[in-house]
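Beneath this line is the structure, given in structure tokens, with notes to follow.
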Number of protein chains: 2
Amino acid sequence: MIHIDFRDPRPIYEQVYDALRNLIVSGVLAPGEKLPSVRELASTLAINPNTIQRAYRELESDGYLCSVPGKGSFASGSDAARSAHRRELLDRFCALAEELRAAGVSDENMIRAIRGGERT
Amino acid sequence: MIHIDFRDPRPIYEQVYDALRNLIVSGVLAPGEKLPSVRELASTLAINPNTIQRAYRELESDGYLCSVPGKGSFASGSDAARSAHRRELLDRFCALAEELRAAGVSDENMIRAIRGGERT
DNA sequence: AAAACTGTATTAAACGAATTAATACAGTTG
DNA sequence: CAACTGTATTAATTCGTTTAATACAGTTTT
């Protein structure tokens with residue numbers, strides 16, 4: 001379900017965050033669907049529960065899931081999740097476009113890069 | 001000339017790297033112009049020479065400057081530097097566009113984001 | 001009601017990357 | 001020769017991440 005790369009310099013909690021967010025926004029985890037418990041996922045991935053807890057905490061504070069003490073953690077509505085994710089990506093996208101413009105890249109060349117995936 | 005933010009979670013050597021690269025690709029540091037020595041810049045910024053050394057080493061390995069033992073470090077030709085920088089930014093840009101496409105954002109909406117800087 | 005689950009919080013230890021510190025060596029310049 | 005330059009190395013420190021070991025309160029199950 002989730003794969004952790006221990007050679008990846010990025011923190012584990014961040015890898016877990018990204019993986020779960022992707023499952024949520026893609027709808028693999030349906031809105032309202034229950035996620036594995038903190039301890040269960042920690043056991044499955046062979047990492048510490050505190051690390052999972054941190055990923056869950058940040059996923060909740062970013063609106064991707066909802067945790068209820070005693071009950072569990074549940075995927076939030078995929079509409080809201082998708083919006084949050086798009087917003088996040090678009091912000092980074094605009095910032096990068098700004099940098100590219102400062103580097104002398106024209107809008108036309110950016111558009112070409114988007115359309116073609118080319119790296120000329 | 002350069003400002004370091006100690007509250008920034010990013011490593012200092014990376015902040016120095018970015019700042020110097022920007023000065024080089026923007027032409028503020030002309031091609032061939034001598035940069036402050038490792039020890040001098042370290043003293044100016046009140047950080048350790050080893051940290052500056054690391055920034056310089058990576059700037060050289062990425063083609064933004066050229067270090068000569070005994071003489072100093074010199075900004076590389078801004079043409080090559082600009083190209084390297086644009087390549088780097090464009091790679092990240094294309095990767096982000098890919099993610100946005102996967103998130104269901106159309107090319108048209110990406111283009112709109114570039115043109116307007118809008119965040120709708 | 002008891003047992004087994006859930007999220008959450010806390011404290012301490014271990015680990016690794018970043019940073020500092022203190023040198024040292026070789027080449028260049030004045 | 002003296003003062004600069006880049007470069008290399010080793011050890012100590014600092015800090016964020018991760019682990020570990022608990023504990024508490026609420027929910028579900030038996």
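Side-chain atoms of A:Y17 and A:D62 include a donor-acceptor pair closer than 3.5 Å.
Computed from coordinates, the A:N50 CG to C:dT8 C1' distance equals 10 Å when rounded to whole Å. Going from atom CG of B:L41 over to atom C1' of D:dC4 covers 16 Å, rounded to whole Å. In this structure, the CZ atom of A:R7 is 16 Å from the P atom of C:dG16, given to the nearest Å. One atom, CZ of A:R57, and another, C1' of D:dT17, lie 12 Å apart when rounded to the nearest Å. Put simply, NZ on B:K34 is 7 Å from C1' on D:dT5, counting in whole angstrom units. Spacing between atom CG of A:N48 and atom P of D:dT17 amounts to 14 Å, rounded to whole angstrom units. Here the C1' atom of nucleotide C:dT6 and the OH atom of A:Y56 are 12 Å apart, to the nearest Å. With rounding to whole Å, B:I12 atom CD1 is found 12 Å from D:dC15 atom C1'.
One finds a side-chain N or O of B:S73 lying less than 4.0 angstrom from the OP1 or OP2 phosphate oxygen of D:dG6. Of the side-chain N and O atoms in B:R39, none sit less than 4.0 angstrom from OP1 or OP2 of D:dT5. Under 4.0 angstrom from either OP1 or OP2 of C:dT19 there lies no side-chain N or O belonging to B:T51. A sub-4.0 Å separation between OP1 or OP2 of D:dT18 and a side-chain N or O of A:R54 is absent. Proximity of A:K71 to the phosphate of D:dG26: no side-chain N or O atom is located under 4.0 Å from OP1 or OP2. Regarding contacts with the backbone of D:dT5, every side-chain N or O of B:S67 stays at 4.0 angstrom or more from both OP1 and OP2. Remark: B:Y13 is in phosphate contact with C:dA18, judged by side-chain N or O atoms under 4.0 Å from OP1 or OP2.
Counting non-hydrogen atoms under 4.0 angstrom, A:E60 reaches the backbone sugars and phosphates but no base.
A salt bridge does not link B:E108 to B:R112: none of the charged side-chain nitrogens sits closer than 4.0 Å to a carboxylate oxygen.
At a cut-off of 3.5 angstrom, the base of D:dT18 holds no donor-acceptor pair with the side chain of A:R10.
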Subject >> Verdict with reasoning, B:R10 to B:D18, per salt bridge (charged side-chain N to carboxylate O under 4.0 Å, His left out) >> reply: CA-CA 11 Å; B:R10 297 188 321 157; B:D18 284 350; 2.9 Å; yes

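When side chains are defined from C-beta on, B:R92 counts as touching A:E99, because their heavy atoms get closer than 4.5 Å. Residues B:T44 and B:I2 form no side-chain contact, since every pair of their non-hydrogen atoms from C-beta on lies 4.5 Å or further apart.
When distances run from any side-chain atom of B:I47 to the nucleotides C:dT20, C:dG7, D:dT7, the shortest one goes to C:dT20. For A:P11, the side-chain atoms get nearest to D:dT18 when compared with the rest of C:dT8, D:dG6, D:dT18.
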